[in-house]
Chemist: 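If you scroll down you'll find the structure; I have some questions about it.
All values below were derived from every heavy atom in this structure, side-chain atoms included, with hydrogens, water molecules and symmetry-related copies excluded. Below, chain A is the first sequence line, B the second, and so on; all start at residue 1.
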There are 2 protein chains.
Amino acid sequence: MGATKSEIFTPAQNHMARMTKALAHPARIAIIQYLFARRSCVCGDIVDVVGLAQPTISQHLKELKSAGLIKGSVEGTSVCYCIDQKNWSVMKDLLSPFLNLDAAILNDCC
Amino acid sequence: MGATKSEIFTPAQNHMARMTKALAHPARIAIIQYLFARRSCVCGDIVDVVGLAQPTISQHLKELKSAGLIKGSVEGTSVCYCIDQKNWSVMKDLLSPFLNLDAAILNDCC
DNA sequence: GGCTTATATTGTAATATTACGATTATTGAA
DNA sequence: TTCAATAATCGTAATATTACAATATAAGCC
């Protein structure tokens, strides 16, 4: 036990959970917001702004990257991280219809 | 170590992370989808449909409830769970602007 | 080559999550 | 009040996450 039973869910459900999981930490929310704000894409700047230790940020960046939400490229001695526009869009198209499910039409039985 | 450092993030960032975390498991996605589909709101039916053991589903329901996304009421010997319309709406208003951040206007430096 | 800067990786401790068997309420019915 | 049905809680094992110090790697510069 202890590991998620992915086999019993649909690919879409697993994909959605994978995306929400990537966003399920305030540091990763902060990183994404910073990248959208476009002040900088440099890894070191992210470390300074977010306020966690460098290895911790590196770990969070790795998770965002493996989820496909960001991509990185080496720029001299530093590394530049950017939103992966295509995958971000895919995620949006997956999550938006879910969030927009209209709860108002439900006959509230609770 | 090991625990998230919530203190260093904004309330909005923590709130967003809390919501995405509640959705960060395929079983919880499946439960929400089932409740929106309105075939039933009965806990036992959820257990049958999702395909995890009853205590596991009960645990997931508890997490969704503590995140405020669902609410439950006792109906005889069973328990009825429903989407919490108000909080679902709050979450949507919090997450949608984030998801809709336009990546297309970014000058992609990676 | 050596030196500096920037980031990734390793190792590890603390904590959290996932899953389920066994058990315990709780409710309604006999 | 005893019984059956339903869901919650307890206990626990397996696994995953979070965080960081220490170290390693890589890229540019002298």
Chemist: For the side chain of A:Asp84 and the backbone of A:Lys71, is there at least one donor-acceptor N/O pair under 3.5 Å apart?
Modeler: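 Between the backbone of A:Lys71 and the side chain of A:Asp84 there is no qualifying donor-acceptor contact (under 3.5 Å).
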Chemist: Does anything in residues 6-25 of chain B come within less than 4.0 Å of DNA chain D? Heavy atoms only, and list the residues if so.
Modeler: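 None, since no heavy atom is under 4.0 Å.
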Chemist: Would you say a side-chain N or O of B:Lys62 is under 4.0 Å from OP1 or OP2 of D:dA7?
Modeler: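 Looking at the OP1 and OP2 atoms of D:dA7, neither is under 4.0 Å from any side-chain N or O of B:Lys62.
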Chemist: Side-chain N or O of B:Thr56 versus OP1/OP2 of C:dC20: is the shortest distance under 4.0 Å?
Modeler: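 Checking C:dC20 against B:Thr56, a side-chain N or O does come within under 4.0 Å of OP1 or OP2.
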Chemist: In whole Å, what is the span from the CD atom of A:Glu63 to the P atom of D:dA16?
Modeler: 12 Å
Chemist: If we ignore hydrogens and angles and just use 3.5 Å, is the side chain of B:Glu63 paired with the main-chain N or O of B:His60 as donor and acceptor?
Modeler: no
Chemist: Kindly compute the distance separating CG (B:Leu101) from CG (A:Leu35), expressed to the nearest 0.5 Å.
Modeler: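 Answer rounded to 0.5 Å: 11.0 Å.
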Chemist: How long is the line joining CG of A:Leu52 and C1' of C:dT7, in whole Å?
Modeler: 16 Å
Chemist: Considering every strand and a 4.0 Å limit on heavy-atom distances, what is the contact class for A:Val47: base, sugar-phosphate, or nothing?
Modeler: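 No contact at all - A:Val47 keeps every heavy atom at 4.0 Å or more from the nucleic acid.
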Chemist: Can you see if the side chain of A:His60 gets near the phosphate of D:dA19 - specifically, an N or O under 4.0 Å from OP1 or OP2?
Modeler: yes
Chemist: C:dA25 P sits how many Å from B:Gln54 CD, rounded?
Modeler: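 So the CD-P distance, B:Gln54 to C:dA25, works out to 15 Å.
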Chemist: Between the side chain of A:Arg28 and the main-chain N/O of A:Leu23, is any donor-acceptor distance below 3.5 Å?
Modeler: no
Chemist: A:Ile46 CD1 to C:dT7 P: how many Å, rounded?
Modeler: 9 Å
Chemist: With DNA chain C as reference, determine whether A:Pro55 or A:Thr77 sits nearer its 5' end, using the nearest nucleotide of each.
Modeler: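 So the residue in question is A:Thr77.
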Chemist: Under a 3.5 Å distance rule, please check whether B:Ser78 uses its side chain to pair with a backbone N or O of B:Glu75 as donor and acceptor.
Modeler: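 It does hold such a pair.
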Chemist: Measure from CD1 on B:Ile31 to C1' on C:dT18 and round the result to the nearest Å.
Modeler: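 Rounded to the whole Å, the gap is 13 Å.
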Chemist: On the nucleotide D:dT6, are OP1 or OP2 found under 4.0 Å from the side-chain N or O atoms that B:Tyr81 carries?
Modeler: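 Negative; the distance criterion is not met.
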Chemist: Between C:dT9 atom C1' and A:Ile57 atom CD1, what is the distance in whole Å?
Modeler: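 From A:Ile57 CD1 to C:dT9 C1': 16 Å.
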Chemist: Out of C:dT7, D:dA16, D:dT18, which nucleotide sits closest to the side chain of A:Ala3?
Modeler: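 Nearest to the side-chain atoms of A:Ala3, counting from C-beta on, is D:dA16.
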Chemist: Reckon B:Ser58 has a side-chain N or O less than 4.0 Å from the OP1 or OP2 of D:dA8?
Modeler: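 Yes.
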Chemist: On DNA chain C, does the nearest nucleotide to A:Ser78 precede the nearest nucleotide to A:Thr4 from the 5' side, or the other way round? Give the residue.
Modeler: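 Mapping each residue to its closest nucleotide by heavy atoms, the 5'-most match is A:Ser78.
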Chemist: To the nearest Å, give me how far apart NZ (A:Lys5) and P (D:dA14) are.
Modeler: 15 Å
Chemist: Looking at A:Thr20 and A:Met16, would you say the former's side chain and the latter's main chain have a donor-acceptor pair under 3.5 Å?
Modeler: yes
Chemist: Just compare C:dT27, D:dA8, D:dT18 and give me whichever is closest to any side-chain atom of B:Val74.
Modeler: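 Shortest atom-to-atom distance from the side chain points to C:dT27.
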Chemist: Could you give the CD-to-P distance, from B:Gln59 to C:dG21, as a whole number of Å?
Modeler: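 About 13 Å, once rounded to whole Å.
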Chemist: Spell out, as yes or no, whether a donor-acceptor pair under 3.5 Å connects the side chain of A:Asp45 to the backbone of A:Ser40.
Modeler: no
Chemist: Under 3.5 Å, side chain of B:Thr56 to main-chain N/O of B:Leu52, donor-acceptor pair present?
Modeler: no
